[in-house]
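Notes for the one structure printed next.
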Amino acid sequence: MTGKHEAADVEQVDQELNLDTVEIAAKTPDEVQPYAELGLRDDEYAKIREILGRRPTGSELAMYSIMWSEHCSYKSSKVHLRKFGEKNPTNTRMLAGIGENAGVVAITDELAVTFKVESHNHPSYIEPHQGAATGVGGIVRDILAMGARPIAVMDTLRFGDAEHPDTKRVLPGVVSGISFYGNCLGLPNIGGEVVFDASYQGNPLVNALSVGVLPASRLQNKAASGVGNVVVLLGQKTGKDGIGGVSVLASATFEDDATDNRPSVQVGDPFVEKLLIESCLEMYDAGLVVGIQDLGGAGLTCALSETAAAAELGMYVDLERVPLRDATMEPHEVLASESQERMLLIVNPSKVEDVLAVAEKWGVLATAIGTVTAASPEGGGGRLIINWHGQTVVDCPPGSLADDGPVYHRPIKEPNDRALIAADRAETLPRPSTDAELRETVLKMAATPNLADKTWITEQYDDMVGGNTALSMPDDAGVLRLDGTGAVDPNIGPLGIALSTDGNGRFARLDPYTGAQLAIAEAYRNVAVTGATPIAASDCLNFGSPEDPHVMWQFAQAVEGLADACAQLGVPITGGNVSFYNQTGMTAIHPTPVVAVLGVLDDVRRRVPMGFANDGDVIILLGETFAELSGSEWAWSQHGHLGGIPPAVDLAGEMALAAVMKRAAEVEHVSAAHDLSDGGLAQALVESVLKHGVGARVKLPDHADPFVWLFAESTARAVVCLPRGHEVAFGALCDEHGVPWTPLGIVDSTVGGLEIVDHFQIPTGELREASEGTLPRLFG
Amino acid sequence: MTARIGVVTFPGSLDDRDAQRAVRLAGATPVPLWHGETALRGVDAVILPGGFSYGDYLRGGAIARFAPVMETLIDAAKGGLPVLGICNGFQILCESHLLPGVLTRNAHMRFRRRSQRLRVENSATAFTSHFDPGQEIVIPVKNGEGRYVADEHTLDELEGEGRVVFRYLDGNPSGALRDIAGVTNAAGNVVGLMPHPEHAVEALTGASLDGLGMFTSVIAHLGQTAAAGS
Amino acid sequence: MARVLVDVMLKPEILDPQGEAVANALPRLGVNGITSVRIGKRIELDFEGEADLEQARAVADALLANPVIETFTLRVDEGS
Amino acid sequence: MARVLVDVMLKPEILDPQGEAVANALPRLGVNGITSVRIGKRIELDFEGEADLEQARAVADALLANPVIETFTLRVDEGS
Ligand SMILES: Nc1ncnc2c1ncn2[C@@H]1O[C@H](COP(=O)(O)OP(=O)(O)O)[C@@H](O)[C@H]1O
Ligand SMILES: [Mg+2]
């Protein structure tokens, strides 16, 4: 130990020599600072000087550069995201909305649910396993910060071409990272998406969702309120993780040695996160915390400034008290570090001892690092003062970091090839004409990486830990029982929630407004077919560079489309995430708005699963089929074609379908249901047969064009199974809600596969081989 | 008096509440036990649940073995207390030498979850008396280090003494030697298995109800020993 | 400060899937001269003062290696 | 036959959860003198004929170590 101490002392002397303090900053106004390298523009740097009335210290410069970055300040997206607030339907369920760590919706008077999607795209490309793992860890802490026990995760993934060698590096790493972190945390993974498209080759998307449940009375707040309250850092020691751009500061201050090669990769430890969850929950229940904030992007910088700003008070921090993994760290590094598994707590002084005791019980580090201080008498909140071994390195208004970042009105330009793209319709492509060709197409489509069975991925996820998973992969939505509800009256089952995430970059590429609406429509439909009532949404908007006016146009359109759809569906956006700069060189990814929809089930026992199971069940198609093939999986996988106009959005139709499904589930008219989306009816039938290996005999209506009926991707449709004898009542229900319905056939195990009467038959084995062979062949 | 069945929570235990729920559904009283305490609170049997105790970074169960609760538990198990180790619990039992062998990384190196058919090879242990000999059951398996390994001599001995309790059917999910899914000690009071019976106890959440038999078996076993003792 | 290095390797008869996976990938890298790859653990134990080999051995024996499948060797790291 | 040994360790600034977990467990084994534990990989590459260090380095670079978070060293095993 002595050796270590000596080393640290030497370091410290070094650091003091180089330490840039407020005092020094005031005396050296002309010091040249690397603000441009840190991503700040001239006017932004000037504004910082104006706020401070002097040049910033190195630590302050680091903090402003991070907090005013696109990622933290939403400077390019802010003006657009306001639409969500403006257009969100009024909703009495919403207990916390956009701007909080995650949105919270009331399920009953006592119980609430919180959920959010977030991206971890860039880290997952650099280091797939750790990048994806820490993506899960980060979103789970957001949920925890709201006072909730996290109860599940989901993952929405986009990779480059399935055959590309780099996809073989990225996909297995991403999947193992999600699997590792979520499984070790004890959170069931209840669904997600995997899509392959060359547009994501150099920039895969890893969007993670977490959902949690809390007694409404336990809702937590991030405000550092109460002058004199103690600021406690809980969790992992702080290391040089993810410091990234801020290392510029070090190299500007020091010689350029030893400081390069700084990892921008964070390494996650789900075991510590599990302990963090348990200790936070114990503290909430004992009423020990006044405020709490997770440490994610921008680490302490973000947590300190946001908690202080939210309370409009000040904060004083002795930064050297932060437990470090690396004694040589400088204050700006401590402030910028993105070390994982940390939370910031605001604690009444009388409760500090109890907080430390709970942390000790779970074996988590807890350290008091500061106090909440009063607001300035002249108003405008307090000061954030950070000391390092007795010297002040930061003295600024916390609101200037957290709230008053730059706001850009980026130029927007509608691409001028829109008419051309719209005219390049897939509806005119050559189609399979014979029955043999139709049969072949069904098989070829079932085997495409996008439609193929995803078990190679999903079997790496624990979907059952916690014992409340009522539906998961490959069902349309994940469904969870809310533990401890509904036990009193045996006629009233426990409550349930349903969640689905969806997005279609091809549709959004063709038309971002419509594409965003189609994303929420699909997620809504996936939730609805389980019998749940959709009540809220969260979104993750993945786009290219906001500096590209065409991308900005896509973004603005997508937000507008999503906000309009939410208003019509009566489902508010409760929170989300924007990820820009998803591109390789000058080429942006397909605009990819991903939407998660949350639904509730009054009795989770009535949830409707996917798949043919019972011989003799009648199969019915809900909704209308049009010759809509542009942007479809058929056009893309069979012709490499992307053009035309995506399928029409029919939100009224989606709502009617949801109403039918909810009622039918309640009275047990339906035994199974599956929404129609990518690959159309053909794919839905294939998946329904493969679920239990029970076959079906399907007869398309006489007037139907079999190709269009099998492969069009018209919206607001689902296939449902009815136990025999329920047809009349169910038909009446559909008529009542104006949902078109078409009897298609029956579930019949003697068929031994899928029979499209008068056209073709495919044995289960052949379907299975097509669907289940693809991913193992590609990834081992 | 209903049976009191302890469920140990280690830091990193994950399926502990699930095991408690299964105990309750089977008709006994679950008693939470804490890794840091040596007291077994007078329980009649103990379950070591699934999860990743202490993160399981070195080898599954290697660190948990040194938890204070294990000191008393190892002695109690040697004295005849029924102990069931599920998944991580099985790993802990092997690392504690209450059961022979060890669980290594799956041969395909991935975490794998699926519904698994098993054959009950020994229905005479404290946890399997409610099954018929040779009965086939379906319960889920989910692990990354579930490949049972022991030397040939030990394996032969286990087979010879009928101490292989569960065997995988329809494909071995991990590459476990001789398709072994679970084993018991010579006395039949300590049983470990990789699959998760506590996740096959409710129609809402499980693919079957086959797991319940393990919990009702031990309750019956405790009833018998109590009757014999009085 | 002194450092003890503990190398933990799987016994030769125990399947090493990780090593096999690497070995199988070698031809794709154009490497053909390697006949076998075995992957074990290298553990660095840093002691406060003098290296205590006996203590290190006890730790390796009880915790770091499982004798059913692994063997270990240890040595003081002269470099440190 | 010749053997090349490759040691792959996490870069010092990278969190090593495995090592931390072991270090935290040591007091329960009655061991108190160890201040830090780091766990990496030890890999044995067996060559048909002569050891080819250049080839071993290429393999380590491509397959054995993840350059984003790990470093490696290699040497010919004199013992073999
Ligand atoms: N990355 C993933 N993680 C978890 N579940 C996934 C993932 N990808 C797909 N799934 C699951 O596989 C099933 C099929 O996915 P998909 O065909 O995309 O569903 P849909 O088209 O109905 O949205 C769904 O249950 C989905 O939740
Ligand atoms: Mg679906």
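Below, read A as the first sequence line, B as the second, and so on, with proteins coming before strands; counting in each chain starts at 1. Side-chain atoms are counted along with the backbone in the values below, which use heavy atoms only and exclude waters and symmetry mates.
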Problem - Least distance between heavy atoms, B/G12 atom then A/F271 atom - result: N-CE1, 3.9 Å

Handout entry: Flag if over 12 foreign heavy atoms under 6.0 Å of CZ, B/R41
Key = no

Exercise for the section: Examine whether an atom of B/R17 lies under 4.5 Å from a heavy atom of chain A, and if so say whether it belongs to the side chain, the backbone or both; otherwise answer neither. Expected result: side chain

Handout entry: Distance in Å, B/R113 CZ paired with A/T455 OG1, rounded so as to fall on 0.5 Å steps
Key = 8.0 Å

Exercise for the section: With a 4.5 angstrom heavy-atom cut-off, could you sort out which part of A/V272 is near chain B: side chain, backbone, both or neither? Expected result: neither

Problem - Inter-chain contacts: residues 194-207 of chain B against chain A, heavy atoms under 4.5 Å - result: B/H199, B/E202, B/A203, B/L204, B/T205

Practice task
Could you please spell out the steps behind the side-chain contact (heavy atoms from CB on, under 4.5 Å) verdict for A/N183 and B/K142?
Solution key: CA-CA 10 Å; A/N183 294 353; B/K142 51 170 179 120; over 6 Å; no

Practice task
Identify which part of A/T469 has an atom lying under 4.5 Å from any heavy atom of chain B, answering side chain, backbone, both or neither.
Solution key: backbone

Problem - Atom pair SG (A/C184) and OH (B/Y57), whose distance is rounded to the nearest 0.5 Å - result: 6.0 Å

Practice task
Mind checking the CG-CE spacing from B/D18 to A/M464? Nearest 0.5 Å is all I need.
Solution key: 10.0 Å

Fill in the blank from the handout: Looking only at A/G496, A/P172, A/P270, A/G466, most heavy-atom pairs under 4.5 Å shared with chain B are made by A/G466

Exercise for the section: Could you tell me which of A/R481, A/R605, A/K361 has the largest number of non-hydrogen atom pairs under 4.5 Å with chain B? Expected result: A/R481

Exercise for the section: Quick one: pull up CZ in B/R112 and OH in A/Y461 and give me the separation to the nearest 0.5 Å. Expected result: 15.0 Å

Problem - Structural part of A/L185 lying under 4.5 Å from a heavy atom of chain B - result: backbone

Problem - Distance in Å, A/E278 CD paired with B/S13 OG, rounded so as to fall on 0.5 Å steps - result: 10.0 Å

Problem - Residue selection (most heavy-atom pairs with chain A, distance under 4.5 Å) from B/P140, B/G50, B/G55 - result: B/G55

Exercise for the section: Mind telling me whether A/W362 and B/W34 have parallel, tilted or perpendicular rings, with 30° and 60° as the class edges? Expected result: perpendicular

Practice task
Could you have a look at A/D462, A/L480, A/V479, A/V604 and say which one has the most heavy-atom pairs with chain B under 4.5 angstrom?
Solution key: A/D462

Completion exercise
Ranked by heavy-atom pairs below 4.5 Å to chain B, first place among A/D269, A/D463, A/L275 goes to A/D463

Practice task
Let me know if A/D483 has heavy atoms under 4.5 Å from chain B in its side chain, its backbone, both or neither.
Solution key: side chain

